[in-house]
2 protein chains.
Amino acid sequence: MITTRDIAERLGISVSTVGRALSDDPRISEETKFRVRQAASEMGYVGNRAARMMRGASSNVVALVIPDIRNSFYSTIAHELSKNMEAEGFQLMLSETDDDRMVELRHLRELSANRVAGVIIVPTARPHGDSVKLLRGLPHLQLLRRHPSLGSQWFGVDDHEALRRGTAHLVAQGHTRIAYVGGPTELPTGAERLRGFRSALSEGGLPDDAGRTELAPPSSVDHGRQAVRRLLKGPDAPTALVLGSIQLTLGVLEELSEQGVKVPGELSVVGFGDEPGFSWWGPGLTTIGLPIQEMATGCALWLMRRLKAKGDNDGPYTSVSPGSLVVRGSTAPPDGKTPATSD
Amino acid sequence: MITTRDIAERLGISVSTVGRALSDDPRISEETKFRVRQAASEMGYVGNRAARMMRGASSNVVALVIPDIRNSFYSTIAHELSKNMEAEGFQLMLSETDDDRMVELRHLRELSANRVAGVIIVPTARPHGDSVKLLRGLPHLQLLRRHPSLGSQWFGVDDHEALRRGTAHLVAQGHTRIAYVGGPTELPTGAERLRGFRSALSEGGLPDDAGRTELAPPSSVDHGRQAVRRLLKGPDAPTALVLGSIQLTLGVLEELSEQGVKVPGELSVVGFGDEPGFSWWGPGLTTIGLPIQEMATGCALWLMRRLKAKGDNDGPYTSVSPGSLVVRGSTAPPDGKTPATSD
DNA sequence: CGTCTTCGTGCTAACGTTAGCACTACTGGA
DNA sequence: TCCAGTAGTGCTAACGTTAGCACGAAGACG
């Protein structure tokens, strides 16, 4: 690799002068600058950021720590972040945890060793103690999920309200046997979504146990399929189903298609998230849409500002985005009844 | 940040001893090692990779340069790569080019400045001259797309064969007016796919202009929608359509759904790639599936081996994976005819 | 003509880590 | 007893870059 020293030797000047010329120092004459730049370009010089970092410069890498990039929710986040940060000269490091706290820990160790400038993390349910320590040394921001030990800077969705609305839609159509399949309540997001579901039930005057709830491990497409099989059995099977995660929704849709379940005839379905394909699934999936782009952009801006400010901790920060119900064809009143009210 | 020096001072020993203890040098006594590790752990020491790199150690970061992570083909690649490399202690840097050669160049500059260990790249149609220079200095591997200036190490799909098979399926069903909508022939992949389409036509005894071909910019969902509108107009509209990119397929499916086109009654469709949703779209999409996982794993293994070997250039390397036709319900003989032969 | 300023450049140290060499204190054999 | 060998540790330089200080030349001003 070419260094400033190579350039200096070739031009018969000192490394300092080369360094200053390349950083456009006003003390260097225009003629020298020109010759240095010329030589640098010819020789294919590329500055070594590792060396700069040794001199106190900060890294230009921000890490995104998520469960699984194949989940299109996260890939959209990654895309938006990347776009926003590229504009500011930052690069994106991608770390997948697979919802395994030990993998998460290994990644955080590497990120810390690499002295990344910042971290945006969707934490696992119970991060390892060392992960907590490592994050303390890095500007970071929690996304979607929130764990108290990781600080109070968080960008998330109003999960309670999102599920309340999705469920209320079904209640308003007259459903009384409504099932919920969501993620574990270990995660605050999971707990909030379940709570939102229950709120809607009680607001609709339905007893709590009118809802059959099933909790699955996070990121489990397969569990969605299994849940469908279990729910459709039995005499008082639910007439409607609300989902609490994208992956579960994908699994549910696949299974419903395979089994040829009539939607919304046999079962009304409210999905979670809005993926390409949800609109053309069966009669079109009514679903709880999330403002992914806005969230990602918000995250990026917050972090960029935080990194530039160099102020250490600028207090707690919480940004909550609402979900919005996208009504398509997968929901209808049970047995053809007319809905009491429309929401 | 804690350094080896901090540890050394606290224990009243030299930095060398600390460094050696942490790297488990056999010359250091077990007792000293124990004390050092203890102190390091208590003080939250994390080695500084930038400093190690200055001493000649190589980076543990591999970059993936792709058009758009939201394309689930690429997110699957990213996932598989990440998984394989995490096992070897490597981290993944994600760079999105948006198929813009200048963005690609900016990313490559950053990657080079960061001295990433290697690069896996899906190049833009005509990479910038400087991009070519930069990649020369980095172990790299082209994926899917291939540009001659970027060397001869390439992992790809047998695009010609993939499209030949997809088209042959329609020819065998008796279609004579078959349209193709694919990416630009500027990209070798695009050219190969078009060639595969034409091969199948001529093998089926159909004249070349039996096929209406449309070429779109890469990664263009929207163009897929437009193409449908154009193709369905006119008296001798095609009875079948073959697609040459995932994004185009997504657009086409959306538009066909919206316009309520009967598939395969009015139009038979062979898609490209296999996404979640393709199986439940309309009657199920017959599509050209790609062995994404195998390719990603192959790439990861090749690069890992290349980086460990430290041998500079181990000659040209090309790995070609075949596509496989996944037959679902979106293809049928035109006007109810029985297929001549089934393939 | 001497001093003061300005311009352009060079020298040196420092960032954190590691490898080579040097040094000390033992141990064992002649 | 003396030397060789070895175990354990310290000192120093080096990686590439940059910031502080110093230096020489040239011009400005009294």
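Order of the sequence lines fixes the chain letters, A, B, ..., with proteins taken first and strands second; residue numbering starts at 1 for each chain. Just so you know, these numbers use all the heavy atoms, side chains as well, and skip hydrogens, waters and symmetry mates.
- B/Arg20 has its CZ atom 11 Å from the C1' atom of C/dA22, to the nearest Å.
- Considering every non-hydrogen atom in both B/Thr97 and B/Pro67, the closest pair reads OG1-CA, 3.4 Å.
- Look at A/Thr4 and you'll find a side-chain N or O under 4.0 angstrom from OP1 or OP2 of D/dT17.
- Salt bridge annotation for B/Arg109-B/Asp130: present, with a cationic side-chain nitrogen under 4.0 angstrom from a carboxylate oxygen.
- Ion pairing between A/Arg145 and A/Asp99 holds under the 4.0 Å rule for side-chain N and carboxylate O.
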* Asked: What do the steps show when you test A/Leu111 against A/Ser95 for side-chain contact (heavy atoms from CB on, under 4.5 Å), and what is the final call?
  -> CA-CA 9 Å; A/Leu111 296 177; A/Ser95 304; 3.9 Å; yes

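- Per the geometry, CD1 belonging to B/Ile13 stands 14 Å off P belonging to C/dT17, to the nearest Å.
- A donor and an acceptor atom, one from each side chain of A/Asn60 and A/Gln91, are nowhere located under 3.5 Å apart.
- For the pair A/Arg5 CZ and C/dG10 P, the interatomic distance rounds to 15 Å; values are reported in whole Å.
- Across the protein-nucleic acid pair, A/Asp6 atom CG and D/dG16 atom P stand 8 Å apart, rounded to whole Å.
- In this structure, A/Met54 and B/Ser16 both approach DNA chain C, and ranking their closest nucleotides by distance from the 5' end singles out A/Met54.
- A straight line from CG of B/Asp25 to P of D/dG10 spans 13 Å, rounded to a whole angstrom.
- Note: CZ (A/Arg55) to P (D/dA14) measures 18 Å, nearest angstrom.
- When rounded to the nearest whole Å, the span between CZ of A/Arg27 and C1' of D/dC23 equals 13 Å.
- Taking the nucleotide of DNA chain D with the nearest heavy atom to each of B/Ser14 and A/Met1, the more 5' of the two is matched to B/Ser14.
- Using modelled atom types and a 3.5 Å distance limit, the side chains of B/Glu96 and A/His79 yield a donor-acceptor pair.
- Shown for residues 28-51 of chain B: residues whose heavy atoms fall under 4.0 angstrom of DNA chain D, namely B/Ile28, B/Ser29, B/Thr32.
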Self-check item: side-chain contact (heavy atoms from CB on, under 4.5 Å) assessment of A/Phe90 paired with A/Val61
Solution: CA-CA 6 Å; A/Phe90 278 83; A/Val61 176; over 6 Å; no

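- Within the structure, a side-chain polar atom (N or O) of B/Arg52 is placed less than 4.0 Å from OP1 or OP2 of C/dT18.
- Rounded to whole Å, the distance from CZ on A/Arg115 to C1' on C/dT17 is 11 Å.
- Toward the 5′ end of DNA chain D lies the nearest nucleotide of B/Thr17, the other residue of the pair B/Met53 and B/Thr17 mapping further downstream.
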